[in-house]
Protein chains: 2
Amino acid sequence: MKWTDLPDEDCSVARSVAVIGDRWTLMILRDLFLGVRRFEAFERRLGISRSIIADRLKKLVDEGVLRRDAYQENPVRHEYRLTNKGLALHPVMMAIVHWGDVHRAGAAGAPLIHRHKACGCDFAPVMSCSECGDRITARDVEVRARPR
Amino acid sequence: MKWTDLPDEDCSVARSVAVIGDRWTLMILRDLFLGVRRFEAFERRLGISRSIIADRLKKLVDEGVLRRDAYQENPVRHEYRLTNKGLALHPVMMAIVHWGDVHRAGAAGAPLIHRHKACGCDFAPVMSCSECGDRITARDVEVRARPR
DNA sequence: TTGACTCAGTTCGGATTCAAGACTTAGTTA
DNA sequence: TAACTAAGTCTTGAATCCGAACTGAGTCAA
């Protein structure tokens, strides 16, 4: 298998990874969730080459994860915003941040704090069951193929 | 910035991405969560070159995500198992699967079904607040830097 | 005891991708 | 007229990827 075959696999991981399974794509998504929208801001924050940023943004737009909107005319300038499909990646980002906070933070601890606006608490993201609401760990889940 | 600098960034996303931000690493982790443990099985399932598998497995072992255990002597053969640090990636995988199920599945729908053993229901993974238990979306979260 | 087979890798080398820096375009400000 | 801004594109050497072949340590069948 080549990675170009990933989108055609009958597996949701493969199909997702085809979109987000790239270092810089994930870093750009991080910044998007922090409110960054302009090309130049990505460049300044990430310090990577413009060609990589242009390429990744274009792919995300093609996938429907981002929308490219004009924010001024003369000259026309665009900004990149998460679509609903892109916003739906929030649990993925939260899970990645949380794992990094717990398992890869230095002595200084987590660099960022997340506050839940509704309850006012600083929180950790928890994966739970849509049906009963209980917290879910790897051992609680039984996987089987969906009957066709 | 080069990607080799990612582990040193003061950002949990960057530090996590340095470990899991790679297509084949994510595909290997998928199989690990499905119970695959042996080199030959990864090769058969993924159909990619042995050198990639060997490289990714070694990196995951170095990072403490996997443990390399002997399962027989004469000749000695090893298998790869998720450590607790690796099992902690479960929410990341579930979030990725779920996004793929919802936003990238074909007409046939999600290929796999997840059942919560405790409540017996087929479920979707939901990201919720560790403090109040409510479901969390991107708009519910306020991010700020942790004071030093 | 020769040959085929298994599992778990390593090595090699050509093709692909990455990524820094220079260049482009279109308009603005000094 | 020159410098500046935002958002890219182009070029080119370097790094990485990855398929194919090879290695090694043992088993099994004839």
Side-chain angles (χ1 to χ4, degrees), chain A residues 1-9 14 17-29 31-32 35-63 66-81, chain B residues 1-9 14 17-29 31-32 35-63 66-81:
Chain A
M1 181 163 50
K2 299 178 179 176
W3 79 260
T4 46
D5 300 331
L6 281 179
D8 305 321
E9 287 284 296
V17 164
V19 180
I20 61 167
D22 168 90
R23 288 184 182 89
W24 300 127
T25 300
L26 285 166
M27 295 304 291
I28 286 171
L29 282 169
D31 281 352
L32 283 160
V36 176
R37 290 181 186 149
R38 298 192 186 170
F39 192 96
E40 187 269 340
F42 291 112
E43 188 195 2
R44 201 155 17 80
R45 287 178 52 90
L46 294 174
I48 59 176
S49 83
R50 311 162 93 72
S51 51
I52 296 169
I53 298 169
D55 176 77
R56 300 305 193 278
L57 288 173
K58 188 177 306 196
K59 279 178 183 160
L60 288 173
V61 170
D62 290 346
E63 292 292 343
L66 299 184
R67 213 175 29 234
R68 184 164 171 272
D69 293 340
Y71 66 89
Q72 70 168 40
E73 308 290 332
N74 286 339
V76 63
R77 295 279 158 79
H78 298 90
E79 64 182 8
Y80 297 86
R81 285 162 166 275
Chain B
M1 179 162 51
K2 298 178 181 177
W3 78 259
T4 47
D5 300 332
L6 280 179
D8 305 321
E9 286 283 295
V17 164
V19 180
I20 61 166
D22 170 88
R23 287 185 183 88
W24 301 128
T25 300
L26 285 165
M27 295 304 292
I28 286 171
L29 282 169
D31 281 352
L32 284 160
V36 176
R37 291 184 185 146
R38 298 191 187 171
F39 192 96
E40 188 269 339
F42 291 112
E43 187 195 3
R44 201 154 17 82
R45 287 177 53 88
L46 294 174
I48 58 176
S49 82
R50 312 160 94 73
S51 52
I52 297 169
I53 298 168
D55 176 77
R56 300 305 193 278
L57 288 173
K58 189 176 305 195
K59 279 178 184 159
L60 289 172
V61 170
D62 290 347
E63 292 292 344
L66 299 185
R67 213 176 29 234
R68 185 165 172 273
D69 293 339
Y71 67 89
Q72 70 167 41
E73 309 290 332
N74 284 341
V76 63
R77 294 279 158 79
H78 299 90
E79 63 183 7
Y80 298 87
R81 286 163 167 275

*Report yes if at least one side-chain N or O of B:Trp24 is closer than 4.0 Å to OP1 or OP2 of D:dC18; otherwise report no.*
yes
*So what does A:Tyr80 hit on the nucleic acid, given a heavy-atom distance under 4.0 Å: a base, only sugar-phosphate, or nothing?*
sugar-phosphate
*Let me know the distance between CD1 of B:Ile48 and C1' of D:dT16, rounded to the nearest Å.*
14 Å
*Does any residue of residues 55-62 of chain A have a heavy atom under 4.0 Å from DNA chain C, and if so, which ones, in number order?*
A:Arg56
*DNA chain C: B:Arg23 or B:Glu40, which has the more 5' nearest nucleotide?*
B:Glu40
*With sequence neighbours excluded, residues passing side-chain hydrogen bond (donor to acceptor under 3.5 Å, both in side chains) with B:Lys58*: none
*Grab the CD1-C1' distance between B:Ile53 and D:dA20 for me, whole Å please.*
14 Å
*Check the distance between D:dG8's C1' and A:Ile52's CD1 and give it to me in whole angstrom.*
14 Å
*Might you work through the side chain to side chain contact (heavy atoms under 4.5 Å, CB included) test for B:Leu32 and B:Phe42, ending with a clear yes or no?*
CA-CA 9 Å; B:Leu32 284 160; B:Phe42 291 112; 3.6 Å; yes
*Just checking A:Arg44: base, sugar-phosphate only, or nothing, at a heavy-atom cut-off of under 4.0 Å?*
nothing
*To the nearest angstrom, how far is B:Asp22 atom CG from D:dC17 atom P?*
7 Å
*Residues two or more places apart in sequence or in another chain: which of them pass side-chain hydrogen bond (donor to acceptor under 3.5 Å, both in side chains) with A:Arg81?*
A:Glu79
*asked:* Taking salt bridge (Lys or Arg N to Asp or Glu O under 4.0 Å) as the definition, give me every residue that meets it alongside A:Asp5, ordered by chain and number, with sequence neighbours left out.
replied: none
*Can you list the residues that meet the side-chain hydrogen bond (donor to acceptor under 3.5 Å, both in side chains) rule with B:Glu63, with sequence neighbours excluded?*
A:Arg104
*Atom CD of A:Glu43 to atom C1' of D:dT9: distance rounded to whole Å?*
13 Å
*About how many Å separate CZ of B:Arg50 and CZ of B:Phe39, when rounded to the nearest 0.5 Å?*
5.5 Å
*Could you tell me which residues satisfy salt bridge (Lys or Arg N to Asp or Glu O under 4.0 Å) with B:Arg37, sequence neighbours excluded, listed by chain and number?*
none
*Could I get the full list of side-chain hydrogen bond (donor to acceptor under 3.5 Å, both in side chains) partners for A:Asp31, not counting sequence neighbours?*
A:Arg45
*Sequence neighbours left out, what passes side chain to side chain contact (heavy atoms under 4.5 Å, CB included) with A:Ser49? Give chain and number order.*
A:Ser51, A:Ile52
*What does B:Tyr71 touch in the nucleic acid at a heavy-atom separation under 4.0 angstrom: a base, only the sugar-phosphate, or nothing?*
sugar-phosphate
*Can you give one letter per nucleotide of nucleotides 21-27 of chain D, going 5' to 3': B for a protein heavy atom under 4.0 Å from the base, S for sugar-phosphate only, - for none?*
B---BS-
*In chain order, what residues pass the salt bridge (Lys or Arg N to Asp or Glu O under 4.0 Å) check against A:Arg23, with sequence neighbours excluded?*
none
*Residues which pass salt bridge (Lys or Arg N to Asp or Glu O under 4.0 Å) with B:Asp69, listed by chain and number, not counting sequence neighbours*: B:Arg67
*Mind checking which nucleotides bracket the chain A contacts on DNA chain C, 5' to 3', with an atom under 4.0 Å from a heavy atom?*
C:dC18 to C:dG27
